[in-house]
Each structure stands twice: as structure tokens, then as C-alpha cells.
S.K.: 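Below: one structure in C-alpha cells.
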Amino acid sequence: MSSPVIQRPKGTQDILPAQSHQWFGLLATASAVLEAANYTRIDTPIFEATSLFERGVGDSTDIVNKEMYSFEKEGRSITLRPEGTAGVVRAYIEQGLHRSPKPVRLYYAGAMFRYERPQEGRQRQFHQFGSELLGLDTPQADAEVILQAMAVLKALKIEGVELHLNTVGTPEDRVRFREALKAVLAPHLPELCEDCQRRFEQNPIRMLDCKVPTCKTLYDGGAVETFLRTFDWSAEAQESFKTLCGILDKLNVAYTVNRRMVRGLDYYTGTVFELTSNQLGAQSAVCGGGRYNRLVETLGGPETPAIGWAMGVERLMKLATIAEPPALDFYIVTNQPAEAFALAEQLRSKGASVEVDLTHKPFGKQLAQADKRKAVNAVILGDAEVIKKQVEVKNLASGVQSAFSTTAFLASLK
RNA sequence: GCGGUUGUAGCCAAGUGGUUAAGGCUCCGGUUUGUGGUACCGGUAUUCGUGGGUUCAAUUCCCAUCAGCCGCCCCA
């Protein structure tokens, strides 16, 4: 009797051989875009002190409230990271990166964990690719980061991407906005959905994102619409947002200003943005980001403005076009393993990909394997060839086979 | 956390309250043990996600549970 099969935990995925080329190719392509802009990769631990996320991401967010994988170990509360920025900022402070020349440009990639109900494009263990630009509070920095995100999507040949932009103002603005919004919404509270009533206390700004028709209708027109249009943002925030839009206009980058787009993490200030794809289902956001001018301070570092974004790798996988893996150059058909290994090593040192048949089966069988592996050439190295210091090289597409002396064959590869 | 829906081999998939659970692809073996791709032949599910119940009898009906998917919530 065999034991029961153990299933993978809910909301996790294996990256199988059939996908791994696309998976790592995607990460390599995205990384290359950022490296080309002088961003440097940083890798931080997958788990951190729980308080890092409570303080950093914000304890009014759903992520912190109900989605964190936390556990106690020797009296310490540890949490599997639900997002990447908090850990990067922690390292920035703790490792003294804030003393390197500003701005500091970083990117990261790795697994994140949120305890949520899985569905298409949303796993419990998922992967993000993100970038952070620390030490600059200018609309030019905002533009660099947004353009960078779009460049990554372009490099991945992702079409149908839309840029949504907004500003949530300075940190002071955000507080004022929040209170003013509550004042406007308070009279309507009884008409609103349960979620909105809850949000009213916990995170009123998120109410604007509500999808319930009755709420949506209310927020779309009348007092709320007027309020959004006429809210007295600080001159600083308005000026900065205008400059950013001006840069995008000049570059003919299409965008939509969405006054109701607010993002779920508490640390955002100023510019926020999202890139969405019309080719995904309900989880249409492929990239989300924004400015977080207070986070470094909140986590105990020097006052440091910053902006960043993150992309969902699983969602990118559904959209990206990555070149096929290169074909296998040589499949060595042999009954002389020692000779075959030596030849394989020499071929590989010249950059060729080589697989050695280890089965000792008849050459017909080995050739069939060569075919199945989609090798371009079979190299036949049997007793006769070893004696003559030769190889037979057969092009599997044409069937043409010819003999070379081993040295001539290697020399021909260059 | 809520609502809906699905679950037969590695993949796709037919099927029925009652002897051996179609078929296709893949894989493995053979015809062909120093020459592949085609063709032909053969093999691979003691069992229908798992557990329990109803029944003389369940893969089929019922319940629970697990997992996938869709939507809400939230977000990448």
C-alpha cells in the first residue's frame, strides 16, 4: 500500500520545468531593465519582526489585520513578509544605506505571503518584483519610477496596459483629507454598505474604492464629487503633481487621473499609481506603487522621502511573452561514458549545451531520445569512433551525418 | 471571512445505482540490441479528490472535508 499523497498547501504553486524558463526569463528581463538604470538588487529576509509590518504597512490595513502569517518563536513574534518595501526600508536604515550617495536605487524580487482566499492571480505565497528610489522628493523622481515600471512591462511585451495616477497629498494633507471626507460622508452613513460603514472608522479613504453600486453612485456624484474636485490640497502637492503630469504629457505617456484611486497601504503619501491590464480577470492590477515620504522615519531612520512600486510576478506570467528556451545543441549517443563526459565538457566550455545519454541502450534507442529532447545534433561516440579518434555528427532535422576527427570537430565550434 | 461552481490516469476526457471504468495524447516496451522522427503491436486507474452515510449493490444518491476555479473583500 502506498501512502496518501501529500498536497501542497492551499494557495501555493510549483514552478514546473515547463514554466521555469519563462519564470526566470521574466525575472531576468525585468532585472535587466532596472540594472540598465543603475538600480541594484537587494535581498532581505523572508521573515521579519511582526512589528516591522505593524508599524510600516500600518495596523489599520487588512494586510496587517487579517492576512499576515505570524508565529511566535522564543518569545519573539515573527511574520512572513506580506510585501517587500518594509523589509527594504528596514535594511536601508539598519545597514546604513542611508549614508550612501542619494538617491539610492534598489530593486528586489521574491516570495511574499498573505493569508487570503486564493483565486486566479492571487496566491497565498506569491512573488513580487519591485523597485524603490530613496532620498528624493521630486516629481522627476516620481516620473523616473513610473516610466521604469512601464519600461519593464514593455520589455516583457505586455500590451493593453493603462496607467492610473493620483495624489494623496502631503502627510498633513492626508490627515486633513481623511477628516474632511468623513465629514462629507457622515450624513450618508446609514445608506452605505456594511464594508463602508466599517471602513468609515478604520480607513475612510478606502471607501472611495467601493464597488457596491449604491455606494459607487453616491461617491460618483453630488457632494462627494464636488468635494473631491474642490478639496484644498496644499500648494506643494498640487505643484508637484502638475509637474509630474507635465513630464508624462511631454513624453506622450497616456494616463488617467483617478481621484478615487487610493492605495491600501497606510504608508503612501503624494503620488500613487497603478498599472492595470485589461487581459486579467478581477485581479487586474499588475503593478502598484506610490510615494512614501514618512516610512523611513516611522521605522526609526532619518527623514527620507522615497517612492517605489511592486509587480505581481504570477500576474506578469500570464501576460508576458518570453523567448523560447534555446534548443539542445548536442545529444551524445554513446557506449563509452568516460570519453563522452570528456567530450561533453569540452563542448560545454565552448558554450554549447550538451546532454550525454547514460542508458547504454542500442544507438537506435538513444537516437530516439535525442529526437525527443529536440536536440539539433546527435554526436555518435561509440567504440569505433573512440579508436579512430573521431565523432559522427548527425543533424537530426536533415538526417545528414558526417565524420570528423575529434580535434577538427572541437575546432569548428570556436 | 462570505457566496457560487468543479473534482474520473502525468494531460485531455466518455460513462453508468449492478459482471473486466470508453477513447485520445504523453510515457514505457516490442517489431528494429550501431542510427531517430512515420507505421504497427503491446503495457500503464484493484478504482473515479478524501472520509463517512443510504442501499442487497455507489464512481454514480446524500453529508462532511480537502483542493481548483469564478465573484466579494483585499491587493501585486
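Keep in mind that what you see is a predicted model, and the values were worked out from it rather than measured. Every chain is numbered from 1 and lettered A, B, ... according to where its sequence line falls, protein lines coming before strand lines.
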S.K.: Indicate, with a heavy-atom threshold strictly under 4.0 Å, whether A/Gly130 touches base, sugar-phosphate, or nothing.
M.R.: nothing
S.K.: Suppose we call a contact any N or O donor and acceptor under 3.5 Å apart; does that hold for the side chain of A/Lys394 and the base of B/G36?
M.R.: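 Side chain to base: pair present.
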S.K.: Quickly work out the A/Tyr331 OH to B/G37 P distance and round it to whole Å.
M.R.: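 Rounded to whole Å, this separation is 14 Å.
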S.K.: Does A/Arg348 reach the main-chain N or O of A/Val354 with its side chain, forming a donor-acceptor pair under 3.5 Å?
M.R.: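 Checked: pair present.
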S.K.: With a 3.5 angstrom cut-off on both distances, give the Watson-Crick or G-U wobble partner of B/A13, or none if there isn't one.
M.R.: none
S.K.: Quick one: look up who B/G71 pairs with, Watson-Crick or G-U, both distances under 3.5 Å, and put none if it's unpaired.
M.R.: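 WC or wobble partner is B/C2.
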S.K.: Could you give the CD-to-P distance, from A/Glu116 to B/C74, as a whole number of Å?
M.R.: 11 Å
S.K.: Do A/Glu144 and A/Gln148 have side chains that get closer than 4.5 Å, going by heavy atoms?
M.R.: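 They are in side-chain contact.
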S.K.: Report which part of the nucleic acid A/Ala378 touches: base, sugar-phosphate, or nothing (heavy-atom distance under 4.0 Å, all strands).
M.R.: nothing
S.K.: Is the backbone of A/Leu27 close enough, under 3.5 Å, to the side chain of A/Ser31 for a donor and an acceptor to pair up by distance?
M.R.: yes
S.K.: Look for any protein N or O under 3.5 Å of an N or O in nucleotides 26-29 of chain B and output each such pair with its distance, or none.
M.R.:
{"unit_1": "B/C28", "atom_1": "OP2", "unit_2": "A/Lys372", "atom_2": "NZ", "d": "3.1"}
{"unit_1": "B/G29", "atom_1": "OP1", "unit_2": "A/Lys361", "atom_2": "NZ", "d": "2.7"}

S.K.: When the distance from CD of A/Gln366 to P of B/U35 is rounded to whole Å, what number comes out?
M.R.: 12 Å
S.K.: Check every strand shown and say whether A/Ile380 touches a base, only sugar-phosphate, or nothing at a heavy-atom separation below 4.0 Å.
M.R.: base
S.K.: Report which part of the nucleic acid A/Ala370 touches: base, sugar-phosphate, or nothing (heavy-atom distance under 4.0 Å, all strands).
M.R.: nothing
S.K.: Taking the P atom in each of B/G17 and B/U26, what is the distance between them to the nearest angstrom?
M.R.: 33 Å
S.K.: Side chain of A/Pro362 only, heavy atoms from C-beta on: which candidate in B/G34, B/C73, B/U33 is closest?
M.R.: B/U33
S.K.: Sticking with atom C1', work out how far B/C62 lies from B/C70, rounded to a whole angstrom.
M.R.: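 My reading of the C1' atoms in B/C62 and B/C70 gives 26 Å.
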S.K.: Atom CG of A/Asn335 and atom C1' of B/U35: how far apart are they, to the nearest Å?
M.R.: 13 Å
S.K.: In whole angstrom, give the distance that lies between atom CZ of A/Phe126 and atom C1' of B/C74.
M.R.: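 For the pair A/Phe126 CZ and B/C74 C1', the rounded distance is 11 Å.
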S.K.: What residues form a ring pair (Phe, Tyr, Trp, His ring centres under 6.0 Å) with A/Phe177, not counting sequence neighbours?
M.R.: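 A/Phe177 satisfies ring pair (Phe, Tyr, Trp, His ring centres under 6.0 Å) with A/Phe227, A/Phe231, A/Trp233 once adjacent residues are dropped.
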S.K.: Are A/Arg291 and A/Asp142 packed together at the side-chain level, in the sense that at least one heavy-atom pair is separated by less than 4.5 angstrom?
M.R.: yes
S.K.: I need the single residue from A/Thr304, A/Ile42, A/Leu134 that forms a side chain to side chain contact (heavy atoms under 4.5 Å, CB included) with A/Leu97. Which is it?
M.R.: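 Option passing the side chain to side chain contact (heavy atoms under 4.5 Å, CB included) with A/Leu97: A/Ile42.
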S.K.: Is the A/Tyr108 to A/Phe129 ring centre distance short of 6.0 Å?
M.R.: no
S.K.: Can you tell me the Watson-Crick or wobble partner of B/C56, both distances under 3.5 angstrom?
M.R.: B/G18
S.K.: Going by side chain to side chain contact (heavy atoms under 4.5 Å, CB included), A/Val333 matches just one of A/Leu381, A/Val379, A/Asp357, A/Leu367. Which one?
M.R.: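 With A/Val333 as partner, side chain to side chain contact (heavy atoms under 4.5 Å, CB included) holds for just one option, A/Leu367.
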S.K.: Counting only N and O atoms by type, is there a donor-acceptor contact under 3.5 Å from the side chain of A/Arg8 to the main-chain atoms of A/Thr12?
M.R.: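 Checking the backbone N and O of A/Thr12 against the side chain of A/Arg8, a donor-acceptor pair under 3.5 Å is found.
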S.K.: Could you work out, with ring pair (Phe, Tyr, Trp, His ring centres under 6.0 Å) as the rule, every residue matching A/Phe404, not counting sequence neighbours?
M.R.: none
S.K.: For atom C1', what is the distance between B/A13 and B/U54, given to the nearest Å?
M.R.: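 Result for the C1' pair: 30 Å, nearest Å.
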S.K.: In this structure, how many angstroms lie between the P atom of B/C75 and the CG atom of A/Leu316, rounded?
M.R.: 19 Å
S.K.: Give a yes or no on whether the ring-centroid distance for A/Tyr292 and A/Tyr268 is below 6.0 angstrom.
M.R.: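 Centroid distance A/Tyr292-A/Tyr268: not below 6.0 Å, so no.
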S.K.: Can you list everything that forms a salt bridge (Lys or Arg N to Asp or Glu O under 4.0 Å) with A/Lys361? Sequence neighbours excluded, please.
M.R.: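 With sequence neighbours excluded, A/Lys361 shows a salt bridge (Lys or Arg N to Asp or Glu O under 4.0 Å) to no residue whatsoever.
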S.K.: In the strands shown, is B/U47 matched to any nucleotide by a Watson-Crick or G-U wobble pair with both distances under 3.5 Å, and which?
M.R.: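 By the stated definition (distances under 3.5 Å), nothing pairs with B/U47.
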S.K.: Check whether any side-chain heavy atom of A/Ser240 sits under 4.5 Å from a side-chain heavy atom of A/Thr167, and report yes or no.
M.R.: no
S.K.: Determine the Euclidean distance between corresponding C1' atoms of B/C48 and B/A58; express it in Å to zero decimal places.
M.R.: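 The answer is 11 Å between these two C1' atoms.
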S.K.: Would you tabulate the nitrogen or oxygen pairs shorter than 3.5 Å linking the protein to nucleotides 67-69 of chain B?
M.R.:
{"unit_1": "B/G68", "atom_1": "OP1", "unit_2": "A/Gly11", "atom_2": "N", "d": "3.0"}

S.K.: Starting from the 5' end of RNA chain B, give me the residue, A/Gly382 or A/Ala310, whose nearest nucleotide shows up first.
M.R.: A/Gly382
S.K.: Contact class for A/Gly364 (heavy atom, under 4.0 Å): base, sugar-phosphate, or nothing?
M.R.: sugar-phosphate
S.K.: Look through every strand shown and name the nucleotide pairing with B/U38 as Watson-Crick or G-U wobble, where both distances are under 3.5 Å.
M.R.: none
S.K.: Could you tell me how far apart A/Asp371 (CG) and B/G36 (C1') are, to the nearest whole angstrom?
M.R.: 5 Å
S.K.: Nearest whole angstrom, please: distance from the C1' of B/U35 to the CG of A/Leu367.
M.R.: 5 Å
S.K.: Show each protein N/O and nucleotides 10-13 of chain B N/O combination with a separation under 3.5 Å, one pair to a line.
M.R.:
none

S.K.: How far does the C1' atom of B/G51 sit from the matching atom of B/U44, given to the nearest Å?
M.R.: 28 Å
S.K.: Look at all strands and tell whether A/Asp383 reaches a base, only sugar-phosphate, or nothing, counting heavy atoms closer than 4.0 Å.
M.R.: base
S.K.: Should A/Arg122 and A/Glu116 count as an ion pair when the cut-off is N to O under 4.0 Å?
M.R.: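 Salt bridge between A/Arg122 and A/Glu116, a charged N being under 4.0 Å from a carboxylate O: yes.
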S.K.: Test for a donor-acceptor pair under 3.5 Å between the base of B/G34 and the side chain of A/Gln401, counting only N and O atoms.
M.R.: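 There is none.
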